Amino acid sequence: VKYVDEFRDPQLGRALAAEVLSLVEPDRHYKLMEVCGGHTHSIYKFGIDDLLPENVELVHGPGCPVCVIPMGRVDDGIAIAHQPGVIFTCFGDMLRIPGSDGSLLEAKAAGADVRMVYSPLDALRIAKQNPDRDVVFFAIGFETTAPSTALTLLRARAEGVRNFFCMCNHVTIVPPLRALLDSPDLRLDGFIGPGHVSTVVGARPFEFIPADYGKPLVVAGFEPLDVLQAVQMILRQLAEGRCEVENQYTRVVPYEGNTRALQVMAEVFALRPHFEWRGLGFISQSALRLSDAFADFDAELRYSVPGVRVADPKACQCGEVLKGVIKPFECKVFGTACTPERPIGTCMVSPEGACAAYYNYGRFARERTLV
Amino acid sequence: MSVSEREARVLGIIETARGKRGKFRDAQVTMSHGAGGKATQSMIEGLFVPAFGSETLAAMGDAGAVAVDGSALAMTTDAFVVRPIRFPGGSIGELAVNGTINDLAVSGARALALTLSLVLEEGLPAEDLRAEVAAIAAAAQAAGVQIVAGDTKVVERGHADAMYVCTTGLGRVDPRARLSPAGLRPGDRILVSGTVGDHGTAIMLARGEFDLDAEIESDTRSLWPVADALLEAAGPALHCMRDATRGGVASVLNELARASGAAVLVREADIPVDPVVAGAAEILGIDPLYVANEGKLVAVVAPEAADAALAALRAVPGCEAAAEIGRVHAEPPGMVLMETAFGGRRVVDQLVGDPLPRIC
């Protein structure tokens, strides 16, 4: 992984920052949304916005897989985790997402066998090592992680593993973007497109954004130079009066996406008619379930779960944060009632959540100086 | 009120809230309470310190000061629960001896004697016990410390994880030492004694839960020679030392900034990280600055003695990679900030939660 240093070179960063500065009109305010939580994390972790002119504002979008999981789904997961004999597996940052009565981490402390995994294949391995237990994988993520869940299920079927189940919470990126663009309370000048998702779906699915909504989008990688270059490319489009989808992340993202991954997803998953997104409400055709051919692996069919829709806590403004309508610090409970150690909302938990990234890395007003 | 004014106001409220003593409000103990981050701090400040009412404890040093007939002694204790018990570069026994010696060393005290308590799980192979006893003996001998008392308990299979080791150490405070966690002064320099994050990364990989092969060894070692060299080079200009165990260098810096009401600014580009550790951390999505060390200390030195202290550090075998990584500022109080290698600036906060397994 030594290669990443090339994409973190401060001299190249300063050169790009100078180009950005030359592209902005001094009296215009630019609002660009980074769709993906991975970008939000990079922006704060590397201090990228310190290199941008003051009139270029980055707004955080809905692309944080953990942040969009509604409370009811967490409750359903916890209910399964408490079933006798179940080993419940999920990614680490999912453990701390609050449900209506505690998180998976608290369920673990209360006796449920909850284990953190780094990949669905780890969960499958646990299933093979524990043939007398049911192993449930709580699958989350956009098109980025859905193929690995799909491949794991294909392997489970091929190997005849009967005690592996998946609670599918995979979501898709385009419907929430469309919902966001249709909402009246947001004025944006362009989008930094999600690099990881695009490795699977390609750049083509985003063409509706310039075509229907007149906003440029640049698919970008996650290193600081990637993000800065994407900003520069968007500003160049605006300066030249162009409006299109461009691909900054060509070293990883083919314009047409990964057809093999898309095929695998189509085989294993089916579209849900609608799915609840935390803070955004129900969005139609925005999530995946296991297809009928994989019903034997579907944890939601194997276990009866409450399946109750739980309203977000009143004080929580994750929805507005996810839509980029407010900045994290503008939320009424930010940093006081809602902190990373005692989160009310999901955006404060995941490292990709805008609130957590801002609280952990950005909590220092730019104009303040060190004495 | 403008956006930036509102932001500044919210940030002010948060900083005030963070400055207050932690409260222990959790319904049950979770792994976070053992991770050395915010939950641990809340438990110590909100439960232990008020219950025991000891001024020495409230000072939150790595070891407590005890005065006996005019001689200054230091005492500390530590429990080790690492899994697996043997890992590249060391084992639980070696860790238990060095960990306690190090808590004394960074308090400016040379260890005189240790006690040893073992909690053993029924079924532990005698071979494993023999190996750990040998490791304990070797580490103690290498550090010139005697084990003077001990205790052993055995619990039913499944009620412990192979073996847990507790050590308590007594040391004599060196007359050259003028150390305090509240001793940071604006202008002071921050030194680390070598590459950061080696131990925690070695343990994570040794657990075999990730399909990653990398040659990383734990850095477990006695830090007394390191502390001794710093005391000799800087004397009273050495304001504070801490061994960067659980929670890593980031947690140590936060504890010191908080205790002294000063700000710390570190330069990311100057922090020594082994390229293999950096690569593994990148893949695992963790920050080496938060990863445990078992043989690295952070030292805070007055500016006039910083160069001599760094030279003395680098002359200690195994500390060739020692570096100055930042400096102390007056404002904003209690905060740790980083100049990123990319040229931006960000907060380095205390660790929240613990995605990581038992590492010490």
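Bear in mind the structure is a predicted one, so any value in this text is a computation, not a measurement. Numbers restart at 1 for each chain; the letters A, B, ... are given by sequence-line order, proteins then strands.
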Is Arg342(A) in contact with chain B via its backbone, its side chain, both, or neither, using a 4.5 Å heavy-atom distance?
side chain
Relative to chain B, which segment of Leu228(A) carries a heavy atom at a distance below 4.5 Å: side chain, backbone, both, or neither?
side chain
Part of Glu106(A) lying under 4.5 Å from any heavy atom of chain B
both
Would you say the side chain of Phe88(A) lies within less than 4.5 Å of the side chain of Phe137(A), judging by non-hydrogen atoms?
no
In terms of heavy-atom pairs under 4.5 Å with chain B, which of Pro224(A), Pro328(A), Ala109(A), Pro351(A) leads?
Pro224(A)
Should Phe7(A) and Phe46(A) be marked as a ring pair (Phe, Tyr, Trp, His ring centres under 6.0 Å) after you check the CA-CA gap, both sets of side-chain angles, and the distance that decides it?
CA-CA 12 Å; Phe7(A) 300 100; Phe46(A) 295 102; over 10 Å; no
Determine, for Glu324(B) against Arg267(B), whether the closest basic-nitrogen to carboxylate-oxygen distance falls under 4.0 angstrom.
yes
Proximal component of Ala110(A), with respect to chain B [non-hydrogen, under 4.5 Å]
both
Can you tell which part of Lys108(A) gets under 4.5 Å to a heavy atom of chain B, answering side chain, backbone, both or neither?
side chain
Whether Phe222(A) and His196(A) hold their rings parallel, tilted or perpendicular, with breakpoints at 30° and 60°:
parallel
Side chain, backbone, both or neither: which part of Val29(B) has a heavy atom under 4.5 Å from chain A?
backbone
Side chain, backbone, both or neither: which part of Tyr361(A) has a non-hydrogen atom closer than 4.5 Å to chain B?
both
With sequence neighbours excluded, tell me which residues meet disulfide bond (SG atoms under 2.5 Å apart) with Cys36(A).
none
Please tell me whether His159(B) and Glu121(B) have a donor and an acceptor in their side chains that are separated by less than 3.5 angstrom.
no
